[in-house]
Amino acid sequence: MEMTEAIVRAASAVGAGLSMIAGIGPGIGQGYAAGKAAEAVGRQPEAKGDITSTMLFGCAVAESTGIYGLVVAMILLFANPLIK
Amino acid sequence: MNVKGPEILFEIPVLGGIPITETIFNGWLVVAAISIVCFFLGRNLSVRNPSKRQIVAEKLVLTLSGLVENTMGKNNMFFLPYIGALFSYSILSSLSGLLGLRAPTGDINTTVGFALIAFFLIQFFNIKNKGVLGWLKGFTEPVAFLTPLNIISEIANPISMAFRHFGNIASGIVITGLIYGALAGLSKVVLGWIPVIGSIPFLQAGLPAILSIYFDVFTSFLQAYIISMLTMVYVGSANEANQ
Amino acid sequence: MEKFQEFVAIAPWTMIFTWVNLIILVLIMKKLLFKPVLNMLAARDKEVNEMYSKAETAQSSAEALEKEYSEKLSLAKEEAAKIMKDAKHDATLRGEEIVGEAKKEASAILEKAQKEIEREKEAAINEIKGDIANIAVDIAQKVIEKDLHEKDHERLVEEFIDGWGEDK
């Protein structure tokens, strides 16, 4: 293995790890959304179904950024475009 | 451990070789399964005294049509079969991972395919409802210098849809693969000294099943719901002008 | 020799096959599931509506019938009352007639009886007259004890009787 490739692989692994920092945002956001949903269910228990589906939908959309980070990490690890 | 893409099963030697991958083949299986289920459910419907099978079919159709009507409006009800097809294809593709197949939705081309259909539908209805000039003018609103941002956000929609679905399912595949690899290594370390039993990775039973309930079942339902919902919301809002 | 595609790579044929699959699926689901079920639901709606309208017409016709019957019933009652009244009236009239006839008959009988009585009386008087004449002759014979001449005798009696009859 050439030196440059080894460096690129190592850097890619570090980059994949760093890209997963993107998971922090959705985590906070989804926790906040779930908390608000719990509040809403407490206030209006009869709307539990609607609140749950809305929360899941919002969570899934808010998850996008985390998923982008995950995809970038997976590309760097398993389909690295920098290594030919 | 090396995570691979879909395996190329064989190639059709026309047009420079069409590679038939696991994704395409499993997609066919999913289509066949859905067709059989539809044939079974939609058979021998009676107006009076519906059978249990017919009640299930009615419930499915009514739930889905209620969802489409609430989200897209009455004038978009002709999307009902597409939303049904998208939802069922997505969910059965994701769930096929439970049977040991490689989920077609774990291939980015499938989800990009879903997203591109939504993207083209959105642009088609925007052009149809506003005219070509109105559609082009829509990018310069509210201010002209935001045009690049508008274009980027328009393109970002399908990309985010595709990557969200792909990322969730593919991460399931990757994590399941990693856990299987790790458990194989662990059982080799723990039980490897026993002559015959040591070669069987016992620890692979149990834990992956529990994890697959989250990574396969829950995520499959959620992502199928999300991609259908987003398609409905985007296409519905593009085609609500003539309501 | 197993060949694999990249984990994240654009493969146009996969995408095209996805589209083809989706289009086939749309057609199949539309033909096998949505169309039959929606048609069946529409047919059921139609049937339910028809049933409702049928029930409504049946109810309204039943109400009309009920009204008609009650009207007929009240009419019949009225008629019965009228018939009863007429019958009473007739009966009264007839009764009066009968009573009148009876009275008439009774009076006729009475009259007849009176006439009879009168005639009987006359006959009786005549008889008595004869008897009296005989008795008188007997008495006179006895009283006078004189054997009168037959001629004288008869004349005397006639005189007496005439006188008696004129006296009366």
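- Evaluated for a ring pair (Phe, Tyr, Trp, His ring centres under 6.0 Å) with Phe125(B), the options Trp135(B), Phe119(B), Phe120(B), Phe79(B) yield exactly one hit, Phe79(B).
- Looking at Leu60(B), there are no atoms closer than 4.5 Å to chain C (heavy atoms on both sides), in backbone or side chain.
- Ranked by non-hydrogen atom pairs under 4.5 Å with chain B, the options Val37(C), Ile24(C), Ile28(C), Ile16(C) are led by Val37(C).
- Of the listed residues (Ala85(B), Gly42(B), Pro19(B), Ser35(B)), the one with the most heavy-atom contacts under 4.5 Å to chain C is Ala85(B).
- Looking at Arg44(C) and Glu47(C), no side-chain N of the basic residue comes within less than 4.0 Å of a carboxylate O on the acidic one, giving no salt bridge.
- The contact between Thr21(B) and chain C is made entirely by side chain atoms (from C-beta outward), counting heavy-atom distances below 4.5 Å.
- Annotation: Phe124(B) is not in aromatic contact with Tyr234(B) [ring centroid separation under 6.0 Å not met].
- The two residues Ala118(B) and Met161(B) make their nearest non-hydrogen contact at CB-CE, 3.9 Å.
- Here the OG-OH distance, from Ser228(B) to Tyr82(B), works out to 8.5 Å after rounding to the nearest 0.5 Å.
- Contacts of Leu80(B) with chain C are made by both backbone and side-chain atoms, with heavy-atom separations under 4.5 Å.
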| request: Take Thr105(B) and Ser94(B), measure what side chain to side chain donor-acceptor pair (under 3.5 Å) needs, and give me the verdict at the end. | output: CA-CA 6 Å; Thr105(B) 40; Ser94(B) 309; 3.1 Å; yes
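- Between chain C and the residues Ala170(B), Gly113(B), Ala57(B), the most heavy-atom pairs under 4.5 angstrom are made by Gly113(B).
- Residue contact with chain C, scored on non-hydrogen atoms closer than 4.5 Å, is absent for Ser93(B).
- Residues Ile24(B) and Asn21(C) come closest through the heavy atom pair O-ND2, 4.3 Å.
- Heavy atoms of Ile83(B) lying under 4.5 Å from chain C are absent altogether.
- Contacts of Phe40(B) with chain C are absent, with no heavy-atom separation under 4.5 Å from either backbone or side chain.
- With chain B as the partner, the residue from Leu41(C), Leu27(C), Val20(C) showing the most heavy-atom pairs under 4.5 Å is Leu41(C).
- Listed for the Asn168(B) side chain is no donor-acceptor partner under 3.5 Å among the backbone atoms of Ser220(B).
- Contact of Thr23(B) with chain C is made through the side chain alone, with heavy-atom distances under 4.5 Å.
- Proximity to chain B (any heavy atom under 4.5 Å) is shown, for Ile10(C), by both the backbone and the side chain.
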